[in-house]
**Student:** 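Sharing a structure with you now.
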Amino acid sequence: MASTQPLFTDFNLSSHSHRRIATVNHRYHKIHSSNPSYLLSFPQICSSFSQLNTRFTCPMFKNMPLISSRKLNLKVRASVAGEEAYQDEFSWSSVILPFLFPALGGLLFGYDIGATSGATLSLQSPELSGTTWFNLSAVQLGLVVSGSLYGALFGSILVYPIADFLGRKRELLLAALLYFLGGSITAYAPGLDILLIGRVLYGLGIGLAMHGAPLYIAETCPSQIRGTLVSLKELFIVLGILLGYFVGSFQIDAVGGWRYMFGFSAPVAILMGLGVWGLPPSPRWLLLRAVQGKASLQEYKEKAIVALSKLRGRPAGDKVSEKQIEDTLVSLKSAYGSDQESEGSIFEVFQGPSLKAFVIGGGLVLFQQITGQPSVLYYAGQILQTAGFSAAADATRVSVVIGVFKLLMTSIAILKVDDLGRKPLLIGGISGITLSLLLLSAYYKFLGGFPLIAVGALLLYVGCYQISFGPISWLMVSEIFPLRTRGKGISLAVLTNFGSNALVTFAFSPLKELLGAENLFLLFGAIALLSLAFVLLYVPETKGLSLEEIENKILK
């Protein structure tokens with residue numbers, strides 16, 4: 001029979017603290033009576049006392065009859081971390097595929113960026129386009145280039161109300177199908193109208209993949225390597241860009257080469273779809289649907305146990321996975337309380353903890369774009385030419401060189417994100433971005449005789465972006481939202497990202513004409529300085545915490 005001894009007894013507390021302790025005691029015994037083995041793995045105990053500047057006794061700790069709330073918080077957190085490290089034992093062979101196939105969605109996004117630059121050159125060539133409609137106007141060419149961006153914007157809007165209904169796995173399957181249709185239709189397009197339809201369909205796939213991939217990876221991977229795996233998805237985007245450049249360079253002299261450049265994505269999309277088909281659904285999504293009353297609690301709980309066992313390479317329905325699912329379910333029920341049957345309103349992401357998460361995640365992806373990321377590389381060829389690099393005359397070679405450098409720097413971020421943490425990488429990287437933008441402004445103002453400074457500043461910008469905003473923004477977005485609103489929250493973050501990307505891309509030319517290069521870089525530098533202050537003041541460190549701990553200890 002479970003003990004009725006209070007979990008905490010008070011010591012010289014205010015009436016408010018008395019009421020708080022009574023609430024925690026009641027909550028503890030409600031859980032403990034149904035699960036006597038459930039003791040220290042209840043993170044809400046700590047968060048309930050995180051604001052109490054007091055001391056209290058805890059009969060559970062006989063050797064520590066009088067301890068401060070801060071010390072207890074540390075000790076319980078250590079116990080939770082230790083338990084979770086045991087529960088998150090896994091085989092690396094079981095982790096690879098649940099990461100690899102969703103990450104192909106990021107690779108296909110990057111591939112579109114790389115392939116489009118070569119495809120537009122091929123499409124407009126009278127000798128090489130293989131069409132009679134090669135003479136595109138500026139507006140038509142702009143639609144070809146940005147068609148996938150419009151599709152991605154629409155896709156991120158479309159997925160907002162249906163993300164939880166679809167689920168992470170079905171969303172990735174739909175993304176793979178759209179990638180395949182978009183790539184195939186574009187490759188075989190008989191005219192410009194069909195080509196644009198294919199570009200928009202491909203963009204819809206991007207919108208769904210950039211939402212579903214980080215969501216699935218973050219919810220299914222072990223917490224101790226979550227930062228590495230979600231950041232590794234960014235590496236796949238860079239690999240996709242490089243792949244697009246290489247395919248473009250091989251097909252640039254072929255008649256109708258643009259068809260091969262766009263069409264190469266179709267077989268990769270088939271591989272992605274077949275791979276995702278064989279993956280289990282996200283256990284956290286299964287529990288969420290059960291708690292929302294959209295499915296049988298017992299049935300979906302059993303499915304979640306089987307899915308987690310498969311994801312960790314354990315025997316089906318093992319006790320470790322069962323305990324981990326039970327703990328997640330208890331945490332989920334506790335977080336939702338009496339409203340646990342409700343799916344929530346469409347505006348719920350703008351309330352309470354979800355709003356705090358959106359400010360953090362949305363702010364990061366917004367600053368990721370408005371610090372000049374789509375625009376700075378516009379000057380790469382010009383800067384390298386002034387420095388006397390012969391390769392600068394060939395845009396594809398310059399792109400490959402910069403792409404390889406991006407790949408190298410992203411690898412450094414991946415290796416260090418679970419070691420150093422998210423916030424130190426952001427602070428260091430954004431500081432370097434700010435310095436590089438100020439150096440570029442100075443180069444165009446009064447250091448024109450020193451082109452190596454501009455080259456160094458360009459590489460500093462690319463390198464610092466790839467260890468900070470590039471991978472860390474998407475990592476934070478994937479882990480910061482509460483489970484209840486994670487689907488809607490990430491779709492809003494994706495919309496913010498593509499929307500701000502479109503805004504900076506469209507505003508770049510007018511701003512360049514109005515301000516000049518020197519003042520444009522100065523403006524980007526000022527925004528980067530503002531983003532540094534945002535990270536210092538608002539962005540928390542999430543290294544080593546489970547998604548439930550982030551929800552309980554940071555957002556509440």
Side-chain angles (χ1 to χ4, degrees), residues 81 84-85 87-110 168-169 171-172 175 209-240 271-272 275-276 278-285 307-314 321 324 328 361 364-365 406-407 409-423 425-426 466-481 483 486 490 493-494 541-550:
E84 191 162 307
Q87 291 176 341
D88 266 2
E89 289 180 354
F90 61 94
S91 66
W92 277 99
S93 59
S94 66
V95 168
I96 293 172
L97 296 183
F99 160 77
L100 178 62
F101 293 118
L104 287 179
L107 184 137
L108 286 168
F109 170 43
R168 309 2 176 172
K169 178 178 174 177
E171 186 179 351
L172 287 169
M210 293 306 291
H211 177 271
L215 192 54
Y216 184 87
I217 295 170
E219 286 192 353
T220 59
C221 72
S223 58
Q224 62 264 40
I225 59 169
R226 186 177 63 244
T228 297
L229 291 183
V230 178
S231 301
L232 196 58
K233 184 190 68 68
E234 174 71 17
L235 187 72
F236 269 63
I237 296 176
V238 178
L239 280 171
L271 178 63
M272 174 187 169
V276 171
L279 295 178
S282 162
R284 285 183 168 96
W285 175 76
L308 184 61
S309 299
K310 186 175 180 181
L311 288 164
R312 295 294 181 270
R314 303 168 184 155
S321 298
Q324 196 168 354
T328 302
L364 283 174
V365 294
K406 284 164 69 76
L407 195 68
M409 297 307 295
T410 307
S411 301
I412 293 174
I414 291 166
L415 292 173
K416 291 297 181 182
V417 68
D418 281 322
D419 179 21
L420 295 177
R422 287 71 160 139
K423 196 165 183 176
L425 285 174
L426 281 171
Q466 291 307 134
I467 65 169
S468 57
F469 275 139
I472 307 300
S473 296
W474 288 111
L475 169 58
M476 294 291 292
V477 164
S478 71
E479 62 187 9
I480 197 67
F481 285 97
L483 179 58
R486 192 169 292 148
I490 293 181
V494 172
E541 179 57 70
T542 57
K543 179 185 74 170
L545 299 177
S546 70
L547 297 179
E548 286 73 32
E549 285 181 302
I550 292 171

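Below, each value reflects all heavy atoms present in this structure, side chains not excepted, and no hydrogens, waters or symmetry copies.
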**Student:** Check whether any side-chain heavy atom of K233 lies under 4.5 Å from a side-chain heavy atom of M210, and answer yes or no.
**Tutor:**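 A side-chain contact under 4.5 Å exists here.
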**Student:** Apply the test side-chain contact (heavy atoms from CB on, under 4.5 Å) to residues E549 and T542: give CA-CA distance (whole Å), side-chain angles for both, the deciding distance (0.1 Å), then the verdict.
**Tutor:** CA-CA 9 Å; E549 285 181 302; T542 57; over 6 Å; no
**Student:** Taking the side chain from E541 and the backbone from R422, do they hold a donor-acceptor pair closer than 3.5 Å?
**Tutor:** yes
**Student:** Taking side chain as C-beta onward, heavy atoms only, is L364 less than 4.5 Å from L426?
**Tutor:**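 SC-SC contact between L364 and L426 confirmed.
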**Student:** Output yes when a side-chain donor or acceptor of K543 lies under 3.5 Å from a complementary backbone atom of V417, and no otherwise.
**Tutor:** no
**Student:** Between side-chain atoms of residues 212-222 and protein atoms elsewhere (two or more places apart, or another chain), which donor-acceptor pairs fall under 3.5 Å?
**Tutor:**
| residue | atom | partner | partner atom | Å |
| --- | --- | --- | --- | --- |
| Y216 | OH | P280 | O | 2.6 |
| E219 | OE1 | R168 | NE | 3.1 |
| E219 | OE1 | S282 | OG | 2.6 |
| E219 | OE2 | R168 | NH2 | 2.9 |
| E219 | OE2 | R486 | NH1 | 3.0 |
| T220 | OG1 | Y216 | O | 2.7 |

**Student:** Once you round to the nearest 0.5 Å, how far does CD1 of I412 lie from OG of S231?
**Tutor:** 13.0 Å
**Student:** For residues A307 and P283, report the shortest heavy-atom separation together with the two atoms involved.
**Tutor:** CB-CG, 4.0 Å
**Student:** Do the non-hydrogen side-chain atoms of L425 and S468 ever get within less than 4.5 Å of each other?
**Tutor:**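 No, every pair of side-chain atoms sits at 4.5 Å or beyond.
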**Student:** As an exercise, state the distance from CG of D418 to CD1 of I225, rounded to the nearest 0.5 Å.
**Tutor:** 8.0 Å
**Student:** With distance as the sole test, does R226 use its side chain to make a donor-acceptor pair with the main-chain N or O of L545 at under 3.5 Å?
**Tutor:**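 Yes.
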**Student:** If you round to the nearest 0.5 Å, how far is OG of S411 from NZ of K406?
**Tutor:**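 It is 12.5 Å, given to the nearest 0.5 Å.
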**Student:** Which heavy atom of V365 sits nearest a heavy atom of S473, and at what distance?
**Tutor:** CG1-CB, 4.2 Å
**Student:** Taking all non-hydrogen atoms of both residues, which atom of I490 and which atom of S478 are closest, and how far apart?
**Tutor:** CD1-CA, 3.9 Å
**Student:** Atom CZ in F101, atom CG in L271: separation rounded to 0.5 Å?
**Tutor:**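 Here the rounded value is 5.5 Å.
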**Student:** Quick one: are L308 and Q324 in side-chain contact, heavy atoms under 4.5 Å?
**Tutor:** yes
**Student:** I'd like to know if the side chain of K169 and the backbone of L279 have a donor-acceptor N/O pair within less than 3.5 Å.
**Tutor:** yes
**Student:** Between atom CD1 of I480 and atom CG of L547, what is the distance when rounded to the nearest 0.5 Å?
**Tutor:**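 I480 CD1 to L547 CG: 10.0 Å, rounded to 0.5 Å.
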**Student:** Under 4.5 Å between any side-chain heavy atoms of W474 and V494, yes or no?
**Tutor:** yes
**Student:** Which pair of non-hydrogen atoms, one from F99 and one from L229, has the smallest distance, and what is that distance?
**Tutor:**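 Heavy atoms of F99 and L229 come nearest at CE1-O, 3.1 Å.
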**Student:** Rounded to the nearest 0.5 Å, how far apart are CG of L483 and CZ of R284?
**Tutor:**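 Between L483 CG and R284 CZ, I get 7.5 Å after rounding to 0.5 Å.
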